[in-house]
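Reading through the structure tokens given below for one structure.
Throughout, a chain's letter reflects where its sequence line sits, starting with A, and its residues are numbered from 1. No experiment lies behind these values; they were computed from the predicted model shown. Computed over heavy atoms, backbone and side chain alike; hydrogens, waters and symmetry mates excluded.
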2 protein chains.
Amino acid sequence: MVVDGVAADDSVDRLFHALADATRRDILRRCVRGELSVSRLAEAYPMSFAAVQKHVAVLERAGLVVKERRGREQLVRTDPGAVDRARQALDELGTAWRGRVERMSRLLAQEADPDVNHPTEGQDR
Amino acid sequence: MVVDGVAADDSVDRLFHALADATRRDILRRCVRGELSVSRLAEAYPMSFAAVQKHVAVLERAGLVVKERRGREQLVRTDPGAVDRARQALDELGTAWRGRVERMSRLLAQEADPDVNHPTEGQDR
DNA sequence: CTAACGTACAACCAAATGGTTGTAGATGGG
DNA sequence: CCCATCTACAACCATTTGGTTGTACGTTAG
């Protein structure tokens with residue numbers, strides 16, 4: 001079913017992992033407001049240049065930003081499509097959620113038998 | 001402001017971190033299809049019971065699932081509101097993407113936590 | 001050319017992650 | 001009651017992560 005939706009699990013891993021850090025999310029926000037060199041970016045945080053460089057690398061591997069050379073600087077800019085991919089990954093969890101929950105509510109609403117409430121032993125045991 | 005739900009960046013950290021693992025995402029999908037005990041869940045993965053227990057704990061701390069006791073079993077079930085929170089966190093990044101800088105400033109002001117990073121707003125140097 | 005700047009990358013370290021095994025406490029069935 | 005099951009949790013281990021410093025390299029300014 002979800003043939004390409006889930007795509008590579010790995011890319012979803014990298015996406016969410018990259019987003020799971022406040023510094024990296026902040027970098028994303030800064031780079032939305034305009035391209036910034038890694039040095040300028042690094043000035044904004046209480047950590048070394050190399051540390052920021054690593055954060056940018058994580059964002060880059062996740063496809064959230066791209067780097068573009070300009071002279072001796074490397075400008076970092078967000079990839080607009082990336083958030084959509086993240087949202088899509090969430091959607092796949094979310095739709096399952098809503099669909100099943102909805103279905104379950106209907107079942108619960110129409111049922112009066114307390115014993116029906118054990119869907120855990122569904123198929124394979 | 002009503003929007004202070006996002007306030008703690010920690011919760012966003014926990015949310016995305018919990019989602020950044022294929023096993024945990026799979027657990028979520030399974031628990032959407034019906035409540036499962038930790039034991040039944042553990043049977044589905046090539047790892048120990050304790051390992052699955054830890055994954056469930058991560059999901060629980062992120063607010064993605066809740067555990068409910070039934071007899072000697074502990075049933076795991078997804079929290080329907082959780083995905084909405086994740087989506088909301090993404091939306092905040094997404095709106096910035098589209099250039100809503102003013103709106104973002106408010107969010108930045110909220111999320112600026114004393115201990116995480118104090119970015120010193122690089123533009124006023 | 002030389003010096004300063006911006007970047008890349010390696011080596012290293014502490015702490016967190018993801019896994020293991022083992023032990024112990026509840027609970028339910030026979 | 002006794003035993004099997006389910007859960008909780010501690011201790012331990014390997015790997016990854018997030019940070020550091022140091023070094024090397026390309027580029028621009030003077």
Here the distance between atom C1' of dT27(D) and atom CD of E73(A), to the nearest Å, is 11 Å
In whole angstroms, how far is the P atom of dT7(D) from the NZ atom of K67(B)?
9 Å
Within this structure, what is the CG-to-C1' distance between D13(A) and dT15(D), rounded to whole angstrom?
16 Å
With a non-hydrogen cut-off below 4.0 angstrom, is R40(A) in contact with a base, only sugar-phosphate, or nothing?
sugar-phosphate
DNA chain D nearest-nucleotide lookup for R70(A) and Q53(B): closer to the 5′ end is Q53(B)
Walk me through whether E35(B) and R70(B) qualify under side chain to side chain contact (heavy atoms under 4.5 Å, CB included).
CA-CA 11 Å; E35(B) 303 179 346; R70(B) 196 183 64 179; 6.0 Å; no
Applied to residues 46-64 of chain A, the salt bridge (charged side-chain N to carboxylate O under 4.0 Å, His left out) test, sequence neighbours excluded, yields E60(A)-K67(A)
Distance-minimising heavy-atom pair for R14(A) and A62(A)
O-CB, 3.5 Å
Please find the pair of heavy atoms, one from S37(B) and one from L75(B), that lie closest to each other, and give the distance.
N-CD2, 3.8 Å
For A18(B) versus L64(B), what's the shortest heavy-atom pair and its separation?
CB-CD1, 3.7 Å
Can V38(B) and V76(B) be said to form a side chain to side chain contact (heavy atoms under 4.5 Å, CB included), step by step?
CA-CA 7 Å; V38(B) 184; V76(B) 180; 4.0 Å; yes
Report, one pair per line, the protein and nucleotides 17-19 of chain D atoms (nitrogen or oxygen only) whose separation is under 3.5 Å.
{"from": "dG18(D)", "atom 1": "OP1", "to": "R24(A)", "atom 2": "NH2", "distance (Å)": "3.4"}
{"from": "dG18(D)", "atom 1": "OP2", "to": "R24(A)", "atom 2": "NH1", "distance (Å)": "3.3"}
{"from": "dG19(D)", "atom 1": "OP2", "to": "H55(A)", "atom 2": "NE2", "distance (Å)": "2.2"}
{"from": "dG19(D)", "atom 1": "N7", "to": "K54(A)", "atom 2": "NZ", "distance (Å)": "3.1"}
{"from": "dG19(D)", "atom 1": "O6", "to": "K54(A)", "atom 2": "NZ", "distance (Å)": "2.2"}

Outer limits of DNA chain C sitting under 4.0 Å from a non-hydrogen atom of chain B, read 5' to 3', are dG18(C) to dG28(C)
Distance-minimising heavy-atom pair for L19(B) and F16(A)
O-CD1, 3.5 Å
Do E68(B) and Q74(B) come close enough that some side-chain heavy atom pair is under 4.5 Å?
no
Report the distance from atom CZ of R69(A) to atom C1' of dT28(D), rounded to the nearest whole Å.
12 Å
